[in-house]
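Note that the structure is predicted; figures quoted are calculated from it, not measured. Letters go in sequence order (proteins before strands), and every chain restarts at 1.
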2 protein chains.
Amino acid sequence: MSVPTKKKPQVTAAPERRRELLDTAAEVFAEQGYNATTVRKIADHAGMLAGSLYYHFDSKESMLEEILRTFLDELWDGYDAVLGDELGPRETLEALVTESFREIDRHRAAVAIYQKESKQLAPQERFAFLAESQRKFEKAWLSTLERGVAAKVFRADLDIRLTYRFVRDTVWVAASWYRPGGQHSPEEIARQYLSMVLDGIAVRE
Amino acid sequence: MSVPTKKKPQVTAAPERRRELLDTAAEVFAEQGYNATTVRKIADHAGMLAGSLYYHFDSKESMLEEILRTFLDELWDGYDAVLGDELGPRETLEALVTESFREIDRHRAAVAIYQKESKQLAPQERFAFLAESQRKFEKAWLSTLERGVAAKVFRADLDIRLTYRFVRDTVWVAASWYRPGGQHSPEEIARQYLSMVLDGIAVRE
DNA sequence: GTTCTTCCCTAACAATCGTTTGGTAGATTA
DNA sequence: TAATCTACCAAACGATTGTTAGGGAAGAAC
């Protein structure tokens, strides 16, 4: 048996303070960008000194990783539930979009970080789960769109990959301006977005 | 008369090398993010040492400023031309979207930088032109949408500010995946985007 | 009442950052 | 040919970065 060297909590025990600090960090990361955020700024917002953060976490990068992992885990809980319902293509799309806006509502900071940083992070081995999630995401959306085209509920004359990016982007960029507790609920925003994506903004003749 | 102290070119004379270096810097800024980009990395890509950049520019920030200013100046040349044509609301929207994709094609790196960094930069006095451009941009789009609603060519049942953000975002996020010289021309992408935004992706009954 | 654990502070560390200073090879001008 | 100018290099600067080591106060456990 080697020497235990048990000294820091890191992942074990009392997750409340840890969660608090991660929420604070996520807020600062989202507002200032990951690279522009110093650990001293995070510590300031948390009311402690920079070094004290290292009692809870072993690096700035591990905070970022845990923030993104937590978000993606919960996101896929919701997505998998929707996809498991085996709805029709249009209903699946509606449910996915609505679920997405609920996630933006719950994890606004994490979503903003994900959007800004994931492209640079994904190539790193440590953040391989980002790329994996992206593939799963693309697969779920593309197959839904393809099912819709086959069932003649979605237009067949559109480039399907372009359509995918279109729908994906229109949903997630909302995180850049959305503020929880505003005048629109996530469901209300989802309804309006869906109305635009599905039927367009032009008046029908 | 005070001593001239004329030593560096900075803005005057031979703009070719300067433009070359700015293009290189923009590429690195876009790929790695402004804060994550060191002047040494820029210099590496340009085949020189970090200090040598300061013969051409007086700071890293001034490179960023010039990149964004140049982009926005050319963007507004295009936009003002469109808005000056006094087209109908639908035609104005179509022309603005098409013009936007052309700008993405020409200034891909600058657009990507603008999207990632403008939110953090705009509050700074030095980058006040970003906020000003944003206001002009919003005004142009909102008035076009309002004209369209009044003329009954755009739907009246949608929140107009939500619609504005929707259209704006759908266009500009394309810069994050668009690659010049790909299989789609800017005009082709604009056509498909307009088709989705105007008519939706659902099949009409 | 001692010991242990939890959670933070104080103080520093090596590395890296943007930037400056002084110099110089080569072309251009006089 | 001498003088000047252009465009860079070599080497360092102070500041800031993420991170670590050692310590200490306060409560919990025994």
Please report, rounded to the nearest Å, how far the [atom2] atom of [N] is from the [atom1] atom of [X].
X	N	atom1	atom2	answer
Leu49(B)	dG23(C)	CG	C1'	14 Å
Leu53(A)	dT17(D)	CG	C1'	14 Å
Asp58(A)	dA21(D)	CG	P	13 Å
Ile42(A)	dG18(D)	CD1	P	8 Å
Lys60(B)	dC17(C)	NZ	C1'	8 Å
Asn35(A)	dT16(D)	CG	C1'	14 Å
Asp44(A)	dT16(D)	CG	C1'	14 Å

At less than 4.0 Å, is any side-chain N or O atom of [X] found next to OP1 or OP2 of [N]? Yes or no.
X	N	result
Tyr54(A)	dT20(D)	no
Ser52(A)	dC9(C)	yes
His56(B)	dT6(D)	no
Tyr55(B)	dC8(D)	no
Arg17(B)	dT6(D)	no

Counting N and O atoms only, with roles assigned by atom type, does the side chain of Ser118(B) sit under 3.5 Å from a partner on the main chain of Tyr114(B), one being a donor and the other an acceptor?
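It does hold such a pair.
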Say whether, by atom type as modelled, one donor and one acceptor occur between the side chain of Lys116(A) and the main chain of Val111(A) under 3.5 angstrom.
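Side chain of Lys116(A) to backbone of Val111(A), a donor-acceptor pair under 3.5 Å: no, none is there.
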Is the shortest heavy-atom distance from the side chain of Val173(B) to the side chain of Trp172(A) under 4.5 Å?
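Contact flag for Val173(B)/Trp172(A) side chains = no.
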Are the side chains of Glu103(B) and Pro186(B) in touch, meaning some heavy atoms are under 4.5 Å apart?
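Heavy-atom side-chain distance check fails, nothing below 4.5 Å.
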Nearest-nucleotide 5' precedence on DNA chain D, Gly51(A) against Lys41(A):
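Looking at DNA chain D, the more 5' nearest nucleotide goes with Lys41(A).
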With no hydrogens and no angle check, do the side chains of Ser195(A) and Arg155(B) hold a donor and an acceptor under 3.5 Å apart?
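Distance-only check passes for Ser195(A) and Arg155(B).
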Tell me which nucleotide among dC9(C), dC9(D), dG18(C) gets nearest to the side chain of Val39(B).
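Comparing dC9(C), dC9(D), dG18(C) against the side chain of Val39(B), the answer is dG18(C).
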Under 3.5 Å, which donor-acceptor pairs link side chains of residues 127-141 of chain A to any protein atom two or more places apart or in another chain?
from	atom 1	to	atom 2	distance (Å)
Ser133(A)	OG	Trp76(A)	NE1	2.9
Glu138(A)	OE2	Arg161(A)	NH1	3.3
Glu138(A)	OE2	Arg161(A)	NH2	2.4

Identify whether NZ of Lys or CZ of Arg in Arg191(A) sits under 6.0 Å from the centre of the six-membered ring of Tyr193(A) and within 45° of that ring's axis.
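No - Arg191(A) does not lie over the ring of Tyr193(A) by the 6.0 Å and 45° rule.
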Can Glu20(B) and Thr24(B) be said to form a side chain to side chain contact (heavy atoms under 4.5 Å, CB included), step by step?
CA-CA 6 Å; Glu20(B) 257 182 52; Thr24(B) 304; 5.5 Å; no
Identified stems (criterion: three or more consecutive Watson-Crick or G-U pairs, under 3.5 Å), DNA chain D
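Stems for DNA chain D, defined as runs of 3 or more consecutive pairs: C:1-12 with D:19-30, C:14-17 with D:14-17, C:19-30 with D:1-12.
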One thing to verify: whether Arg69(A) and Glu66(A) come together as a salt bridge, which I'm taking to mean a side-chain N less than 4.0 angstrom from a carboxylate O.
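Looking at Arg69(A) together with Glu66(A), the answer is no, because their closest N to O distance does not fall below 4.0 Å.
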So which protein nitrogen or oxygen atoms get under 3.5 Å of nucleotides 14-16 of chain C's nitrogens or oxygens?
none

To the nearest 0.5 Å, tell me how far Thr170(B) OG1 sits from Met196(A) CE.
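Between atom OG1 of Thr170(B) and atom CE of Met196(A) there are 9.0 Å.
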For residues 91-100 of chain B, run the donor-acceptor check on the side chains, cut-off 3.5 Å, and write out each pair with its distance to 0.1 Å, sequence neighbours left out.
from	atom 1	to	atom 2	distance (Å)
Thr92(B)	OG1	Leu87(B)	O	3.3
Thr92(B)	OG1	Gly88(B)	O	2.8
Thr92(B)	OG1	Arg147(B)	NH2	3.2
Glu94(B)	OE2	Arg90(B)	NE	3.2
Thr98(B)	OG1	Glu94(B)	O	2.8
Ser100(B)	OG	Tyr79(B)	OH	2.4
Ser100(B)	OG	Leu96(B)	O	2.7

Residue closer to the 5' end of DNA chain C, Tyr34(B) versus Met48(A) (nearest nucleotide):
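The residue mapped nearer the 5' terminus is Met48(A).
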Return all side-chain donor-acceptor pairs below 3.5 angstrom for residues 26-35 of chain A, not counting sequence neighbours, or 'none' if the list is empty.
from	atom 1	to	atom 2	distance (Å)
Glu27(A)	OE2	Arg108(A)	NH2	2.6
Gln32(A)	OE1	Lys41(A)	NZ	3.3
Tyr34(A)	OH	Glu61(A)	N	3.4

Mind listing the N/O atom pairs, protein and nucleotides 24-26 of chain D, below 3.5 Å?
none

Regarding Thr37(A), tell me which of base, sugar-phosphate or nothing describes its non-hydrogen contacts under 4.0 Å with the strands shown.
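Sugar-phosphate, no base atom in range.
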